[in-house]
Amino acid sequence: METVRRLVGEYPVVIFSNRSSSCLSLTVKSVIGSFGANPKVYELDQVPDGPQIQRALQQLGCQENVPAVFIGQRLIGGSKEVNSLLLRNELEPLLREARAIWV
């Protein structure tokens, strides 16, 4: 759990994905990137402590098979929640508040 907190605290936007080729993860990265944000992405299938991070994310309430998105150190959720924020025009203000984008 401490590892997740530390990693999330280092960047304005952090995405944890459990499969680097996941369509949902690719979509989330694209949506967030379309605002000019540069999220830090941890592909859990490619990092040595990936399984431990995955267990910690599950303890925080993240689902196993979707990306976990943190904006401003706050757990936003997965692709469904990111798309919902996008449709409600709430994603950009969150990114601004987290200082992930400036314009």
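Fair warning: this is a prediction, and the values are worked out from it, not measured in the lab.
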Taking all non-hydrogen atoms of both residues, which atom of Gly36 and which atom of Ile101 are closest, and how far apart?
-> C-CG2, 3.8 Å

Parallel, tilted or perpendicular: which fits the ring planes of Phe70 and Phe16, with parallel below 30° and perpendicular above 60°?
-> perpendicular

How long is the gap from CD on Gln59 to CD on Gln54, to the nearest 0.5 Å?
-> 11.0 Å

Mind listing the closest non-hydrogen atom pair of Leu94 and Ile71 along with its distance?
-> O-CG2, 3.6 Å

So salt bridge (Lys or Arg N to Asp or Glu O under 4.0 Å) across residues 67-88, not counting sequence neighbours, yields Arg88-Glu90

Given the rule that I, L, V, M, F, W and Y join up when any side-chain heavy atoms are under 4.5 Å apart, are Leu95 and Val41 in one cluster?
-> yes

Gap separating the CG atom of Leu7 from the CD atom of Glu2, nearest 0.5 angstrom | 10.0 Å

Intermediate values then yes/no, side-chain contact (heavy atoms from CB on, under 4.5 Å), Val28 and Leu24 | CA-CA 6 Å; Val28 165; Leu24 294 174; 5.7 Å; no

Any Cys62 side-chain heavy atom under 4.5 Å of Leu75 side chain | yes

Does a sphere of radius 6.0 Å around CD in Gln52 hold more than 12 heavy atoms from other residues, nucleotides or ligands, not counting ones at 6.0 Å or beyond?
-> yes

In this structure, OG of Ser84 is separated from CG of Leu91 (nearest 0.5 Å) by 10.5 Å

Answer with yes or no whether the hydrophobic clustering places Ile32 together with Leu26; edges join I, L, V, M, F, W, Y residues whose side-chain heavy atoms lie under 4.5 Å apart.
-> no

Evaluate side-chain contact (heavy atoms from CB on, under 4.5 Å) for Val4 paired with Tyr42, printing each intermediate quantity in order.
-> CA-CA 11 Å; Val4 171; Tyr42 293 98; over 6 Å; no

OG of Ser34 to CG of Leu86: how many Å apart, nearest 0.5 Å?
-> 7.0 Å

Consider only side-chain heavy atoms of I, L, V, M, F, W and Y, link residues closer than 4.5 Å, and tell whether Leu60 and Val69 are in one cluster.
-> no

Closest non-hydrogen atom pair, Pro12 against Ala98 | CB-O, 3.3 Å

Could you list all the ring pair (Phe, Tyr, Trp, His ring centres under 6.0 Å) pairs where at least one residue sits in residues 80-103, not counting sequence neighbours?
-> none

Indicate yes or no: does Arg96 engage Glu92 in a salt bridge with an N to O separation below 4.0 Å.
-> yes

Here the pair of heavy atoms bringing Pro48 nearest to Pro51 is O-CD, 4.0 Å

If two hydrophobic side chains count as joined below 4.5 Å and joins carry through other members, does Val31 share a cluster with Val14?
-> no

Following the transitive rule for hydrophobic clusters with a side-chain heavy-atom cut-off under 4.5 Å over Ile, Leu, Val, Met, Phe, Trp and Tyr, establish whether Leu44 and Tyr11 coincide in one cluster.
-> yes

